[in-house]
Amino acid sequence: MKKKIVSTIMAALLAALALAGCSSPSGGAGTATGNGSAEAPAGGSSSEAATPADGGTIIVGGLWQTTGFMADYEIPGSEGFQLAVDEINAAGGIDGKQIEYVFYNGQSELDLNSSLIAKLIDVDGAKVVAGLGDPNSAIASGTVAQSKGVATLATSSTLPYTQERVGDTAFLVPFGDNIQAYAAAEYAYKDLGLHTAYVVTDSTDEYTLSLSKFFSEHFTNLGGEIIGEATYDDNGYTDFSPAIQKVKALDAEPDALFFASFTEQGPPILKQFRDAGLGQPVFSGDGLDSVEIAEIAGEAANNTYFTTHVDYTESNSKVTDFLAAYTEKYGAEPANAFAALGYDAAYLIKYAIETNGNGDTSAEGIKNALDKVTDFEGVTGTISYANGHVPNKTVYICEFKDGTKVNLLSVVPEV
Amino acid sequence: MDFFAGSLISGLQLGSIYALIAIGYSIVYGILRLINFAHGDLLMVATYGAWILIARGLSLPFAVIGSVLITVAFGLVIERAAYRPLRDAGEEATLITSLAVSIFLQNLFLMVFTPKNRAFALPGFFSEKLVLGGAGSITITNMSIVIFVVTGGLIAAVSLIIKKTRLGIAMRACAENSTAAKLMGVNLNAVVVFAFVVGSALAAVAGVLYSGQYVSFNPSMGFMIGIKAFAAAVIGGIGSFAGAAAGGVLLGVLEILFACYLPEGAGVYQTAFVFLVLIVVLLFKPNGLFGAAEGRRS
Amino acid sequence: MAKALFANPLFKFLAVVAAPVAALLYIYIGVAEYYQIVVVMFMINVILTASLNITNGFAGIFSMGQAGFMGIGAYAGSLLTMTAELKFSRIPGIPAWLAEAHLPFIPALVAAGLAGAAVAVVFGFPVLRAKGHYLAVMTLGMIIIIKAVLDNNAHLTNGAKGISGMERFSTLPMVFAVMIVSLFVLHRMTKSAFGRSMAAIRSDADAAASLGINATKYRMTAFVVSAFFGAVGGSLWAHLQQTIAPSLFYFKESFSILEMSVLGGMGTLSGAFPGAAIVTFLPQFLANAENGFRVFGFTVPALNGLSNIVMSVIFILVIIRWRGGVMRSSEYIVDAMFGRDTWAGLLRKETYVDFWNILREGLFKNNNPHRLEEKSKQEEKDHEKENR
């Protein structure tokens with residue numbers, strides 16, 4: 001009897017999944033949501049071959065990691081992108097053509113990502129793809145897209161040498177780690193007058209490793225001294241006592257601490273360092289951009305500075321409009337800067353085609369159009385691809401104070 | 001010297017938590033010869049339970065009790081649904097099943113709570129520091145003291161239970177020879193349930209202590225800690241209660257000392273180190289440091 | 001009737017050889033590249049799963065560490081196929097001997113396999129002394145150690161950042177060929193005296209020992225062979241994805257292979273096919289469902305993580321209900337592929353006659369009482385033939 005129940009459940013599950021898989025062959029243009037409500041798939045026209053879109057639509061692809069370790073960054077990113085797509089379509093589309101938006105969840109898994117991007121391009125006919133997740137996934141899928149001549153717009157990856165690795169179809173919407181690390185180093189050295197620093201790095205990720213590397217480089221170039229380093233291997237790592245003990249064992253305590261880490265490690269690392277009596281100013285990159293860190297770590301988060309992509313408190317109309325529209329659609333303010341990056345990605349596509357496209361909406365045409373972008377004004381700053389596909393953008397420096405995030409200033413570093 | 005003392009305290013802290021979990025593994029393994037891979041995930045369940053209860057407004061002590069109850073409930077359901085039917089099914093089946101349960105628990109919580117890291121902020125009392133000397137540079141937070149006190153107390157309590165109470169003695173009997181124990185009138189099912197209750201409760205407390213100290217938690221945290229605690233139990237001698245506790249503490253201390261004393265690059269080897277120790281110990285003492293060769297003592 | 005059909009060599013040939021090859025040809029020539037990528041992934045997974053079945057199913061060594069060997073193979077294979085120029089630019093600090101080392105793809109593939117085998121020998125000594133659950137945990141430790149080594153030797157592996165830029169050598173024909181060869185080798189192994197000794201050890205180690213079978217030697221051999229093919233799979237994987245990093249060869253990957261093994265049937269090589277099929281194709285399928293879909297008029301909202309839960313549930317249900325997996329202990333697929341029965345059978349006229357008869361009976365089943373009489377007469381004749 002029990003076994004029969006089990007078999008029936010299995011059969012039902014598989015049947016339901018088969019139905020689901022079959023009902024929306026093109027992946028459906030559904031809404032990626034952060035608050036659980038969804039619109040039914042729009043079931044756009046699915047195309048089988050990669051012929052240029054005609055009849056008034058441009059097929060745009062999205063590859064977002066809405067589950068897995070990148071979800072914190074990519075869910076807001078995909079929401080921002082969707083918001084922009086809806087707005088653009090409501091306002092008449094790009095050059096009069098509606099955007100047909102097809103997207104998949106890469107699940108933060110590399111092999112899924114590389115096959116899904118092929119699906120987007122070959123089966124769904126996407127002419128440009130946005131999102132792409134962390135550097136590893138972005139490079140893997142970017143390479144596939146490069147071989148098909150389709151441009152990719154990475155919104156979460158800040159890898160400065162993406163273009164060298166992948167090719168000239170790869171574009172970054174955010175700035176590169178070199179730029180944000182330089183900005184952090186400058187602020188620490190020049191503005192706050194801190195001359196020695198201790199660097200703690202998550203050694204298992206490209207992002208954190210390059211962040212530390214660039215910070216150390218620039219800090220030293222400015223005249224500062226890195227008096228020690230520690231690494232941790234992030235396997236759900238939460239105990240930073242080795243690094244803490246090493247700092248305390250130094251003859252002279254450092255003026256500043258630099259943590260290259262992801263949001264996850266924010267609260268534990270701050271709390272443990274403060275508990276151990278180390279109250280120095282802490283610096284980090286956009287990985288620490290999350291107001292939750294301040295909420296959770298409370299006092300421990302004070303005196304922490306980090307770099308990020310946008311200032312939501314700016315009175316710039318682009319920012320306020322975006323905030324209003326986002327809050328209205330999703331019922332809450334964006335969790336971090338990555339929502340704005342996703343939003344900008346969509347408008348970047350529109351801007352490129354309308355300004356430089358000459359009516360060519362093929363994959364190659366879009367890529368060439370993006371190449372020529374010089375003065376795109378987005379929520380996250382001004383983007384220009386004239387000097388390479390990793391834009392030199394404004395870096396916003398923020399501080400955690402009394403349980404919230406406070407924007408301090410913005411810099412456009414000279415690299 | 002200060003450096004050593006500071007590191008030692010951190011090591012003992014981590015080791016205490018390993019010990020609590022290792023005991024749970026050990027008790028269950030002693031009776032069922034089953035490594036419950038889902039045991040580490042119970043730690044995670046407890047943490048989420050406490051977090052939800054605190055968010056609902058319960059005060060800390062009640063939230064802790066509540067989360068222990070929730071965790072024990074999970075543990076019992078797992079025992080009843082996944083392990084009891086496979087009681088005589090052989091090693092492979094139970095191993096795969098316990099792995100599957102672990103994966104299922106993780107994915108369930110992943111889906112409900114998302115992979116996002118959470119934290120529950122404990123009252124400031126726990127962060128207050130006590131200065132232990134060494135020119136003020138050796139500090140220990142109240143949280144650490146709580147960890148030591150609670151762990152010590154629990155180990156003593158469980159040890160008493162195992163030695164003095166009827167169920168405890170029955171447990172040891174089953175561990176040594178379940179057939180003979182059954183012939184003597186011991187209800188194996190009851191003993192197993194008791195073992196799971198004790199193990200799950202210990203894991204629950206460990207979970208709350210862990211998150212209190214290290215702040216951050218997410219659905220995948222339990223597995224890794226569980227594996228390390230299992231390694232600790234094996235190193236100490238699985239099936240041996242004292243061995244598991246000792247193994248746990250020892251491993252925690254070694255792990256932290258290793259990380260503190262090695263040059264920076266070697267930070268990556270911290271987790272690997274745990275397993276190197278495991279392999280080395282098993283090479284020389286296949287039954288662990290304190291485990292007896294055949295017959296087991298609790 | 002079904003039983004007779006499945007036993008018929010022509011059917012075996014058509015079902016297991018001809019039809020799949022035709023399908024593969026079609027996919028290779030006629031269809032978007034996306035489908036090719038998925039199919040190649042499937043074939044690589046078959047190799048990985050089959051290699052795991054050798055230890056977990058045949059040798060009774062429950063290993064959870066296959067991802068580690070995969071990683072070794074991926075790195076070894078890639079480092080050998082990448083040009084010196086590429087290596088110098090991608091891996092700062094790489095020693096000259098490593099940069100200069102270069103082999104064409106297939107020798108590199110073999111070398112990768114050997115690298116995996118070598119690592120298996122090193123770990124085999126301590127790990128294989130344990131049994132059952134202990135061994136399983138030690139294999140987990142093995143993955144952790146391998147990853148730590150890969151992470152920490154940036155001058156050799158570029159550390160945690162990984163390497164990208166290897167060529168896409170894993171084309172559909174290439175991987176197909178490697179898969180066939182690998183399965184053939186493994187198949188011969190399991191059918192040989194080695195395989196029989198393995199089975200003996202697995203059922204009763206003491207009895208086997210009393211017959212003079214050295215369990216340690218056999219277990220080590222199984223472990224090493226499994227590692228060899230795991231590493232081969234890893235190298236193929238690397239040359240498909242064109243980017244690798246230590247984090248990609250860790251718990252998740254290992255459990256994935258384990259899932260395929262258990263779902264398909266741990267004790268047989270044939271189990272690799274259904275197991276790999278479910279785990280490779282289902283998530284692609286579910287990628288659609290995750291966005292929210294309509295079933296019978298209900299709108300199910302977007303459920304992130306749905307595919308993982310589904311896989312977990314399916315996994316548990318399979319263990320409870322069908323512990324042997326899809327194939328249980330049947331080696332139908334692999335036997336059909338390589339068995340003398342199939343190929344020799346194609347040369348016999350009777351095979352075709354029988355096939356036709358079976359089809360005829362099947363098509364005209366229950367239709368015509370006259371035929372029914374004929375059918376029972378025919379069956380009598382067949383029984384006579386069989387009993388001869």
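Heavy atoms only: backbone and side chains are in, while hydrogens, waters and symmetry mates are out. This one's a predicted model, so the numbers in the text were calculated from it and none came from an experiment. Residue numbers begin at 1 in each chain, while the letters A, B, ... track the order of the sequences.
At a 4.5 Å heavy-atom cutoff, the contact between C/V262 and chain B is made by side-chain atoms alone. Neither the backbone nor the side chain of C/I146 comes within contact range of chain B; no heavy atom of the residue lies under 4.5 Å from a heavy atom of that chain. If you measure heavy-atom distances from B/F230 to chain C, the contacts under 4.5 Å come from the side chain alone. Contacts of C/M142 with chain B are absent, with no heavy-atom separation under 4.5 Å from either backbone or side chain.
Annotation: the span from C/I145 atom CD1 to B/F273 atom CZ amounts to 11.0 Å, rounded to 0.5 Å. Atom OG in B/S220 sits 11.0 Å away from atom CZ in C/F251 (nearest 0.5 Å). In this structure, the separation between CD1 on B/I96 and OG on C/S261 is 7.5 Å, given to the nearest 0.5 Å.
Annotation: side chain of C/F125 is not in contact with side chain of B/I279 (no heavy-atom distance under 4.5 Å). Side-chain contact check for C/M138 versus B/V234: every heavy-atom pair is 4.5 Å or farther apart. Side-chain contact between C/R129 and B/L282 is absent, with no heavy-atom pair separated by less than 4.5 Å. A heavy-atom distance below 4.5 Å is found between the side chains of B/M224 and C/I144.
Using a 4.5 Å heavy-atom cut-off against chain C, no residue of residues 245-254 of chain B qualifies as contacting.
No other option in B/L108, B/L99, B/I227 has as many heavy-atom pairs under 4.5 Å with chain C as B/L99. In terms of non-hydrogen atom pairs under 4.5 Å with chain C, the most contact-rich of B/I103, B/V274, B/L278 is B/I103.
When every heavy atom of C/L140 is checked against every heavy atom of B/F223, the shortest pair comes out as CD1-CZ, 4.3 Å.
Heavy atoms from other residues, nucleotides or ligands lying under 6.0 Å from CZ of B/R84 number more than 12.
With sequence neighbours left out, the side chain to side chain donor-acceptor pair (under 3.5 Å) criterion links B/E255 to B/Y18, B/K228, B/Q270.
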